[in-house]
Participant: 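There's a structure below that I have some questions on.
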Amino acid sequence: MELVVLPKGGKFVVQDKKSRLLYTVKKKAFGSRFILLDASEYNLYTLLQTDDGKKPAFKIILNEQTFMNLTCKSLFLDPTIEGEGNGMRFSLASQDRRNFRIIKNDAEVGSIKTLTTVSGDLHYEIEIENTAFDDYIPLFAIVIERAFGDINKNK
């Protein structure tokens, strides 16, 4: 499955390769909370940034319960975000903070590429195996944006 996550105003839209809208990610509060809505505007997941600084941390929330915890292990040397919850382990591993491998339970299942638009905004291309896809996967691009976005914009 191939998805594109694009910034649009104060939100992100998630489209397939045919530019069909699949999800919208809206920013709530003061930039630390994002909600993932499907095409029918139904609230699926909430992404909450719980820590900032050198090791940003996040929670993905489903039905008011923590579904997954994500922590940035390193911003510069071996940039990696690790996630754990709901019987799964994820690792978003990179060498350059722009191209990430999605590793689920020790098996590589996809990738996320950071690209720059003409206007200088960042957008993300997600490629993931159909068997590994779930609705929360687009939130991984938002986590990368929050953790590495400013660094990547200044490159």
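Predicted model, so just to flag it, every value in this text is computed and none were measured.
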Participant: Is a side-chain donor or acceptor of T114 paired with a backbone partner of R98 at a separation under 3.5 angstrom?
Facilitator: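 Between the backbone of R98 and the side chain of T114 there is a qualifying donor-acceptor contact (under 3.5 Å).
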
Participant: State, with a plain yes or no, whether a side-chain heavy atom of L48 is found less than 4.5 Å away from one of F58.
Facilitator: no

Participant: Would you check if there is a donor-acceptor pair between the side chains of R101 and T80 at a distance under 3.5 Å?
Facilitator: no

Participant: Taking the side chain as C-beta and beyond, is there a heavy-atom pair between L70 and F140 under 4.5 Å?
Facilitator: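 In contact.
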
Participant: Is it possible for you to say whether V4 and L21 belong to one hydrophobic cluster, with membership spreading through side-chain heavy-atom contacts below 4.5 Å?
Facilitator: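 Linked within one cluster.
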
Participant: Is there a path from M88 to I103 through hydrophobic residues (I, L, V, M, F, W, Y) whose side chains come within less than 4.5 Å of each other?
Facilitator: no

Participant: Do I60 and T46 make a side-chain contact, defined as non-hydrogen atoms from C-beta onward lying under 4.5 Å apart?
Facilitator: no

Participant: State which residue, out of T24, L139, N43, fulfils the side chain to side chain contact (heavy atoms under 4.5 Å, CB included) condition with I35.
Facilitator: N43

Participant: Return yes if some donor-acceptor pair links the side-chain N/O of D52 with the main-chain N/O of P56 below 3.5 Å, else return no.
Facilitator: no

Participant: Enumerate the residue pairs fulfilling side chain to side chain donor-acceptor pair (under 3.5 Å) with a member in residues 117-130, sequence neighbours excluded, ordered by first and then second residue.
Facilitator: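 Of all non-adjacent pairs touching residues 117-130, those that pass side chain to side chain donor-acceptor pair (under 3.5 Å) are T117-S119, S119-D121, Y124-E145.
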
Participant: Any side-chain heavy-atom pair from I126 and V5 closer than 4.5 angstrom?
Facilitator: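 With C-beta onward as the side chain, the pair touches.
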
Participant: Looking only at atom types and distance, does a side-chain atom of T50 sit under 3.5 Å from a main-chain N or O of A57, one as donor and one as acceptor?
Facilitator: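 Such a contact is found between T50 side chain and A57 backbone.
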
Participant: What do you reckon, is CD of Q95 surrounded by more than 12 foreign heavy atoms closer than 6.0 Å?
Facilitator: no

Participant: Start with the C-alpha distance between Y136 and M68, add both sets of side-chain angles, then the distance that settles side chain to side chain contact (heavy atoms under 4.5 Å, CB included), and finish with yes or no.
Facilitator: CA-CA 10 Å; Y136 57 83; M68 184 180 298; 4.1 Å; yes

Participant: Please confirm whether the backbone N or O of R89 pairs with a side-chain atom of N105, one donor and one acceptor, at under 3.5 Å?
Facilitator: yes

Participant: Does a side-chain heavy-atom distance below 4.5 Å link I102 with S111?
Facilitator: no

Participant: Would you check if the side chain of N63 reaches a backbone N or O of Q65 as a donor-acceptor pair within less than 3.5 Å?
Facilitator: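 Here the side-chain-to-backbone pair does not exist.
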
Participant: Between S94 (side chain) and N99 (backbone), is there a donor-acceptor pair under 3.5 Å?
Facilitator: yes

Participant: Can you hop from F133 to L92 via hydrophobic side chains spaced under 4.5 Å?
Facilitator: yes

Participant: Looking at side-chain heavy atoms only, is the closest gap between D51 and Q49 below 4.5 Å?
Facilitator: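 No; the side chains remain at least 4.5 Å from each other.
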
Participant: Count I, L, V, M, F, W, Y as connected when their side-chain heavy atoms are under 4.5 Å apart, and connections chain through other members. Are V143 and L44 then in the same cluster?
Facilitator: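 Linked, V143 and L44 end up in one cluster.
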
Participant: Verify whether one side chain among D135 and Y23 offers a donor that lies under 3.5 Å from an acceptor in the other.
Facilitator: yes

Participant: Looking at side-chain heavy atoms only, is the closest gap between F34 and K26 below 4.5 Å?
Facilitator: no

Participant: Using the rule that two of Ile, Leu, Val, Met, Phe, Trp, Tyr join whenever any of their side-chain heavy atoms come within less than 4.5 Å, decide whether L62 and V25 are in one cluster.
Facilitator: yes

